[in-house]
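Every value quoted in this text rests on a predicted model; they were computed, and no experiment measured them. Just so it is clear: chains get the letters A, B, ... in the order the sequence lines come, proteins before strands, and each one is counted from 1.
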2 protein chains.
Amino acid sequence: MGTTSKALSLLSFFSRARASIGLSDMARLSGMNKATAHRLLSELADQGFVEQTGTGREYRLGPAVLRLAALRENTVPMRDMAMQVLTDLSAATGETAHMSVLSGDVLSSIAYTYAHAHGTMVMMEDAEVLTLHATGSGLAVLAFSDPGFVDQALARPLAARTRHTETDPAAIRALLPGIRARGFATSVGGFEEDVHSHAAPVFDAQSRCIGAVAVAAPVSRMTNALRDSIQAELLTRTTHLTRLLGGFLPSTFPTFEPQVTLQKGA
Amino acid sequence: MGTTSKALSLLSFFSRARASIGLSDMARLSGMNKATAHRLLSELADQGFVEQTGTGREYRLGPAVLRLAALRENTVPMRDMAMQVLTDLSAATGETAHMSVLSGDVLSSIAYTYAHAHGTMVMMEDAEVLTLHATGSGLAVLAFSDPGFVDQALARPLAARTRHTETDPAAIRALLPGIRARGFATSVGGFEEDVHSHAAPVFDAQSRCIGAVAVAAPVSRMTNALRDSIQAELLTRTTHLTRLLGGFLPSTFPTFEPQVTLQKGA
DNA sequence: AACCGACGGTTCAAATAATGAACCGCACAC
DNA sequence: GTGTGCGGTTCATTATTTGAACCGTCGGTT
């Protein structure tokens, strides 16, 4: 791995739970020598990607990322487009919809909408990190990523978020062909107890999978009718989003021809 | 300069005007060898900081910055706080207010508000880049930055944005003591023709200047009364913002005691 | 007050990664 | 068909990164 990747990888240790990290902690988390971590953090700080807090001397994310994000949104208004689609999707299904994008080997939530149709809804956090093996979105991404990436993602120990999290790499691999055939993944209670999630992949202009859209409903509310509704809405709207973002479905993606075609005779 | 800084500096060439940049262009802009630029861009792409567009194979900012910006805002809600202050400031003055933060040796606009009080207003762009020598905000920052930084910022050739841009480093240096004494800077037509700008610095927890708040009005509308109003509002509200952000005014910052104190006798 | 451990930060020889001139294949223009 | 510029690659040379050991400092414990 190059020096630049190492430096940037330090940024991935920041999260909502760890908004600021000390030098020694960062060295431990990243497995780097303290001197190395210090030099990399100093360079990141020079460029405004991190800054040091007043009290203590911990590091936290810096202001430079704000400008880049504003430019990114200006260039590729992914979030805006996702919000449109998610709003429709949660309205149509009556449940929470969210989109996450691949960032290294985890997914980051970038947008979500609630339906306000019921007293209870699945709640989301800003910038939440979703693991690939424990979520519907992650499975959808894995199913449509290249084998090398899957190997890499499943090579590390897989943490169990709940009692229902599948942590056996072989079992996860076994799910992928079915997901590829159907075009979407499901997960019941793998990330949060009592959450039933359906997720479909989103692709970029090179037909690479860049993330997923998911609909998350309480397990207690799941019925055959709701499941059918979610699956139909999710697939049509997520393929639409891929197109909106300038992306293309891969040739292997299943197509869902309308039942009735105009070719009556033939 | 370290490798990491070089890689991150590539990101600064993206702007609204140049949302995507090809490999050869990037090599030219940065002065790097094409092979070097390619390797650095590849590493940035691995980490999701840039990505390649479908048509052509140019590079543009990637999705990773979105997550970091969301976390930064979650950690230090600078933009939210700035928006509150800017809204009040433009309402009180009837003019456009904006805040920019130091990023390397330029300022990046992070938030702005309009007053809608007149038919004409000074317009701002998202993520606009302001040079230090040509803007009121830049002068305010220079005046309250350490001498080494000022030397560095003024060492390079200073571009003239308009006929009124001051490009003589000595002349700019001569302005700084006055700005330090008053607590704010002014610029007339230096960045955009017909724009009269007042700007005051914002400080972090170590009393380092991290950016500036400015009020920008058309030159044609500037009167003594408006100028007095802008100066008073700008100073009180900007010092307030520094405190809101957890920062401290440096001990050298001029204080503006209320004219009437309670110590009548003494 | 003396001690201890952990912190952020620094040093410098050894090890490793970055560098860039030349090169490739390709697409497009003339 | 030929020339130009593109994105991308190669590999010997070179400069940077690396990390064990080291500082001084801070806060808690004895």
Whole-Å gap separating P (dG8(C)) and CG (D25(A))
7 Å
Side chain of R28(A) only, heavy atoms from C-beta on: which candidate in dG8(C), dC7(C), dT19(C) is closest?
dC7(C)
Protein-nucleotide distance (N33(B), atom CG; dA12(D), atom C1'), rounded to Å
14 Å
To the nearest angstrom, how far is R39(A) atom CZ from dA20(D) atom C1'?
15 Å
Answer yes or no: side-chain N or O of K34(A) and base N or O of dG19(D) forming a donor-acceptor pair under 3.5 Å.
no
Parallel, tilted or perpendicular, judged at 30° and 60°: which one describes the rings of F49(B) and F49(A)?
tilted
Between S24(A) and dG8(C), is there a side-chain N or O to OP1/OP2 distance below 4.0 Å?
yes
Any idea which of dA21(C), dG9(C), dG8(D) is nearest the Y59(B) side chain?
dG8(D)
Flag, side chain of E43(B) to backbone of S5(A), donor-acceptor distance under 3.5 Å
yes
With respect to the phosphate group of dC7(C), does any side-chain polar atom (N or O) of Q52(A) fall under 4.0 Å of OP1 or OP2?
no
Rounded to the Å, how far apart are L23(A) CG and dT10(C) P?
10 Å
Between atom NE2 in H38(B) and atom C1' in dC6(D), what is the gap in whole Å?
12 Å
Check the distance between dG8(C)'s P and M26(A)'s CE and give it to me in whole angstrom.
11 Å
Selection from dG19(D), dA18(C), dG8(C) that lies nearest to any side-chain heavy atom of A35(A):
dG19(D)
With under 30° as parallel and over 60° as perpendicular, where do the rings of F203(A) and F253(A) fit, or are they tilted in between?
perpendicular
Salt-bridged, R60(A) to E51(A), with N to O below 4.0 Å?
yes
Is the phosphate of dA17(C), meaning OP1 or OP2, less than 4.0 Å from a side-chain N or O of T3(A)?
no
